[in-house]
**Q** 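The following block contains the structure, expressed as structure tokens.
Letters A, B, ... are given to chains in the order of the sequence lines, protein chains preceding strands, and every chain is numbered from 1.
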2 protein chains.
Amino acid sequence: MTSPPHRSSELANADGTVRCRALFIRSAGRVGSVSDPEFGHRTETLQQPSPEAARDAIARGIDRGAIVTVYGRCTVDYDGRATSYLEAGDRHVMLKPDGAALVHTAEGQQPVNWQPPGCDHDVFCEDGHIVIESLRTSPDEQLRVRFQNVLQVSAFAGSDETELALVGTEADLRRRILEEPDLLETGFMPLATERETPAGAVDIYGEDSTGRAVVVELKRRRVGPDAVSQLRRYVDALERDMHADATVRGILVAPSVTDRANRLLSDHGLEFISLEPPDE
Amino acid sequence: MTSPPHRSSELANADGTVRCRALFIRSAGRVGSVSDPEFGHRTETLQQPSPEAARDAIARGIDRGAIVTVYGRCTVDYDGRATSYLEAGDRHVMLKPDGAALVHTAEGQQPVNWQPPGCDHDVFCEDGHIVIESLRTSPDEQLRVRFQNVLQVSAFAGSDETELALVGTEADLRRRILEEPDLLETGFMPLATERETPAGAVDIYGEDSTGRAVVVELKRRRVGPDAVSQLRRYVDALERDMHADATVRGILVAPSVTDRANRLLSDHGLEFISLEPPDE
DNA sequence: GCCTAGGTCCCGTCC
DNA sequence: GGACGGGGCCTAGGC
């Protein structure tokens with residue numbers, strides 16, 4: 001990857017930490033830095049920085065593996081799987097050390113623009129304005145944020161070793177049925193999970209009390225037509241794999257179904273059992 | 001909604017702006033505030049604030065309709081459609097004025113925890129620690145972030161009047177076909193978009209050069225088995241609605257299909273045409 | 001409010 | 001790398 005010489009990420013790569021800090025102190029904007037006896041500088045923040053000071057702070061934060069945030073008035077260009085443009089407005093940009101980029105407006109849970117993890121972040125000055133570029137390949141995608149004003153730049157270093165403990169997923173529902181198969185129906189015997197068929201992997205494969213093959217499709221929440229079609233594909237594939245006279249039961253397990261899904265179930269001779277994932 | 005008297009959102013509601021600013025100046029942490037001749041205070045930032053100062057700054061930011069961000073070491077509890085817990089780690093929390101909440105770690109495009117727009121944010125001190133709660137009803141969901149350390153609090157006020165201009169969506173692909181139906185096949189005549197069937201709305205409904213009914217399902221990207229099943233549901237529903245001898249053609253339009261999807265298409269007598277949304 | 005389907009979906013998993 | 005399906009999916013559009 002080649003960059004013009006004015007791009008600060010190269011400068012920052014060449015700079016040692018000491019000189020970076022010197023640059024930081026010399027910055028024109030009001031600055032703040034929070035140190036910690038154990039971890040050193042954890043956060044660095046500039047307010048109303050000059051473009052050059054902002055560029056250096058952003059590049060330094062990226063190089064240090066920090067979460068970098070930039071708030072200010074900017075335009076956003078995206079080109080990749082689709083193409084988008086966003087006129088100037090005040091937005092919050094976050095660059096993560098794993099290569100993800102997020103552009104948030106004041107509205108919505110979702111970012112208005114983004115880049116998934118794996119991108120290379122680059123920051124430089126162009127015509128006196130800060131430009132942040134996040135690039136990736138396969139697919140080729142480019143996100144470019146051009147700031148008219150940078151009101152604040154922050155870099156947050158920290159540690160986070162833990163993982164989310166989540167309960168109430170489809171896997172929990174499966175566990176519940178495997179531990180107590182009679183919840184599904186008396187005499188049901190699970191034989192395999194994720195059993196492969198030509199149509200894909202079946203959530204639970206088993207037999208009912210009469211020995212008939214049963215395909216179980218699990219959903220953690222109320223389902224619509226798509227889940228019924230999914231179950232149908234598995235049942236069709238398994239019946240095609242067995243002798244001509246064999247029939248396979250298909251059971252959808254979910255808290256509830258929509259009307260249309262219920263009709264589809266009847267049309268295709270599939271069954272429904274109401275079950276939810278456990279609370280804890 | 002009732003809150004214990006120590007919750008600062010009530011205090012902040014009762015406080016006038018002047019007294020808020022006084023609190024802000026008196027805060028123990030290093031502070032920064034960027035003003036603008038036109039908009040007044042646009043950003044306010046505290047570093048290493050005391051719990052009380054952080055609480056007041058967060059509550060003030062929420063009340064002002066700002067984007068509020070908090071960085072520090074925290075645990076996260078979620079309870080609603082599922083249940084989750086996250087042990088202590090350094091994370092970036094964003095509260096939006098529309099009621100959305102986001103908890104971001106250093107990894108991933110997705111927040112580790114969140115709350116959709118429409119929530120009520122609340123902040124208070126408990127045992128000397130900052131707690132942020134975002135609540136909503138229907139469904140009942142609660143997000144609780146408890147900070148061990150708050151390294152920085154920021155509030156960003158701004159304006160953003162513009163909307164994203166996005167090209168390359170399914171709607172663009174539809175437009176392309178409606179403008180030049182021969183792209184699909186010579187003589188194809190679109191008659192309706194979003195035509196309702198008992199199975200749902202069909203992307204494009206039309207007739208081929210021989211007068212046969214055609215259902216077109218559009219996808220902006222490479223598709224798998226689900227899109228084929230979707231098309232199949234529409235074709236089935238339309239055939240059921242027509243006289244017994246009528247047959248309906250189903251055409252999937254997408255850049256490409258997977259092998260399994262291709263097999264499904266053949267099995268069900270459906271067709272595929274390779275087309276992409278326009279670049280611009 | 002529910003239903004239905006799109007999304008630059010993201011994300012993990014398994015091939 | 002592609003494929004397939006889950007997700008606390010979110011979000012928009014209808015009804």
**Q** Side chain of A:R260, backbone of B:P198: donor and acceptor closer than 3.5 Å?
**A**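 Yes, because the side chain of A:R260 sits within donor-acceptor range (under 3.5 Å) of the backbone of B:P198.
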**Q** Could you pull out all residues at least two apart from B:R136 that satisfy side-chain hydrogen bond (donor to acceptor under 3.5 Å, both in side chains)?
**A**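 So B:R136 forms a side-chain hydrogen bond (donor to acceptor under 3.5 Å, both in side chains) with B:E141.
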**Q** Which pairs with one or both residues in residues 81-102 of chain A pass ring-ring contact (aromatic ring centres under 6.0 Å, His included), sequence neighbours excluded?
**A**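 Counting only pairs at least two positions apart or across chains, the ring-ring contact (aromatic ring centres under 6.0 Å, His included) contacts touching residues 81-102 of chain A are A:H92-B:H92, A:H92-B:F156.
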**Q** By side chain to side chain contact (heavy atoms under 4.5 Å, CB included), which residues pair with B:D79, not counting sequence neighbours?
**A**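 Once residues adjacent in sequence are excluded, the partners of B:D79 under the side chain to side chain contact (heavy atoms under 4.5 Å, CB included) criterion are B:T83.
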**Q** What does the 5'-to-3' dot-bracket notation of DNA chain C look like when only Watson-Crick and G-U wobble pairs under 3.5 Å count, and pairs to other strands show as |?
**A** |||||||.|||||||
**Q** May I ask you to verify if any side-chain N or O of B:Y234 is less than 4.0 angstrom from the OP1 or OP2 atom of C:dA5?
**A**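 Result: yes.
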**Q** Taking any heavy-atom pair under 4.0 Å as a contact, classify B:S138: base, sugar-phosphate, or nothing.
**A**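 The residue B:S138 makes sugar-phosphate contact but no base contact.
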**Q** Would you please confirm or rule out a distance under 4.0 Å between OP1 or OP2 of D:dG5 and any side-chain N or O of A:R233?
**A**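 A:R233 to D:dG5 OP1/OP2: side-chain N or O found under 4.0 Å.
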**Q** I'd like to know if B:R91 and A:D160 make a salt bridge, using a cut-off of under 4.0 Å between side-chain N and carboxylate O.
**A**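 Counted as a salt bridge, because a side-chain N and a carboxylate O are separated by less than 4.0 Å.
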**Q** Looking at A:Q115 and A:S134, would you say the former's side chain and the latter's main chain have a donor-acceptor pair under 3.5 Å?
**A**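 Yes, A:Q115 side chain to A:S134 backbone: donor-acceptor pair under 3.5 Å.
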**Q** Looking at B:W114, I'd like to know whether one of its side-chain N or O atoms comes within less than 4.0 Å of OP1 or OP2 on D:dC10.
**A**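 For D:dC10, OP1/OP2 do have a side-chain N/O of B:W114 under 4.0 Å.
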**Q** Quick one: salt bridge (charged side-chain N to carboxylate O under 4.0 Å, His left out) partners of B:R220, sequence neighbours excluded?
**A**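 Partners of B:R220 under the salt bridge (charged side-chain N to carboxylate O under 4.0 Å, His left out) test: none.
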**Q** Indicate, with a heavy-atom threshold strictly under 4.0 Å, whether A:Q115 touches base, sugar-phosphate, or nothing.
**A**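 Here A:Q115 touches no strand at all.
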**Q** List the residues meeting salt bridge (charged side-chain N to carboxylate O under 4.0 Å, His left out) with A:E239, not counting sequence neighbours, and say none if there are none.
**A**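 Expected list: none.
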**Q** Which part of the nucleic acid does B:E141 contact within heavy-atom distance under 4.0 Å: base, sugar-phosphate only, or nothing?
**A**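 The answer is base, as B:E141 lies within the cut-off (heavy atoms under 4.0 Å) of a base atom.
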**Q** Where along residues 216-229 of chain B does a heavy atom fall under 4.0 Å from DNA chain D?
**A**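 DNA chain D contact set from residues 216-229 of chain B: B:R222, B:P225.
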**Q** Pick the closest DNA chain D nucleotide for A:G200 and for B:S84 by heavy atoms, then say which residue is nearer the 5' end.
**A**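 Closest to the 5' end, via its nearest nucleotide, is A:G200.
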**Q** Base, sugar-phosphate, or nothing for A:T169, non-hydrogen atoms under 4.0 angstrom?
**A**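 Sugar-phosphate: the residue A:T169, judged by heavy atoms under 4.0 Å, touches backbone atoms but no base.
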**Q** Tell me which nucleotide among D:dC10, D:dG6, C:dT8 gets nearest to the side chain of A:N113.
**A**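 For A:N113, the side-chain atoms sit closest to C:dT8.
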**Q** Hey, can you pull the residues of residues 248-271 of chain B with a non-hydrogen atom under 4.0 angstrom from DNA chain D?
**A**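 Output list: B:T258, B:R260.
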**Q** Does a donor on one side chain sit under 3.5 Å from an acceptor on the other, for A:S229 and A:D226?
**A**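 Looking only at side-chain atoms, A:D226 and A:S229 do not form any donor-acceptor pair under 3.5 Å.
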**Q** Checking B:D241 now: which residues fulfil salt bridge (charged side-chain N to carboxylate O under 4.0 Å, His left out) with it, not counting sequence neighbours?
**A**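 Partners of B:D241 by the salt bridge (charged side-chain N to carboxylate O under 4.0 Å, His left out) criterion come out as none, since no residue qualifies.
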**Q** What contact category does B:T83 fall into here, base, sugar-phosphate, or nothing, at under 4.0 angstrom with non-hydrogen atoms?
**A**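 Nothing, no heavy atom under 4.0 Å.
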**Q** Which residues satisfy the salt bridge (charged side-chain N to carboxylate O under 4.0 Å, His left out) test with B:R233, sequence neighbours excluded?
**A**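 B:R233 satisfies salt bridge (charged side-chain N to carboxylate O under 4.0 Å, His left out) with no residue once adjacent residues are dropped.
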**Q** Please determine if B:D267 and B:R263 form a salt bridge, counting it only when a charged side-chain N lies under 4.0 Å from a carboxylate O.
**A**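 No, no charged N to carboxylate O under 4.0 Å.
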**Q** How would you list, by chain and number, every residue that makes a side chain to side chain contact (heavy atoms under 4.5 Å, CB included) with B:S274, sequence neighbours excluded?
**A**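 Here the qualifying residues are B:F272.
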**Q** Between protein and nucleic acid, restricted to nucleotides 11-14 of chain D and to nitrogen or oxygen atoms under 3.5 Å apart, what atom pairs and distances do you find?
**A**
| residue | atom | partner | partner atom | Å |
| --- | --- | --- | --- | --- |
| D:dT11 | OP1 | A:Q109 | N | 2.6 |
| D:dT11 | OP1 | A:Q110 | N | 3.1 |

**Q** Given 3.5 Å as the limit, does a donor-acceptor pair link the side chain of A:K96 with the main chain of B:G108, or not?
**A**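 Such a contact is found between A:K96 side chain and B:G108 backbone.
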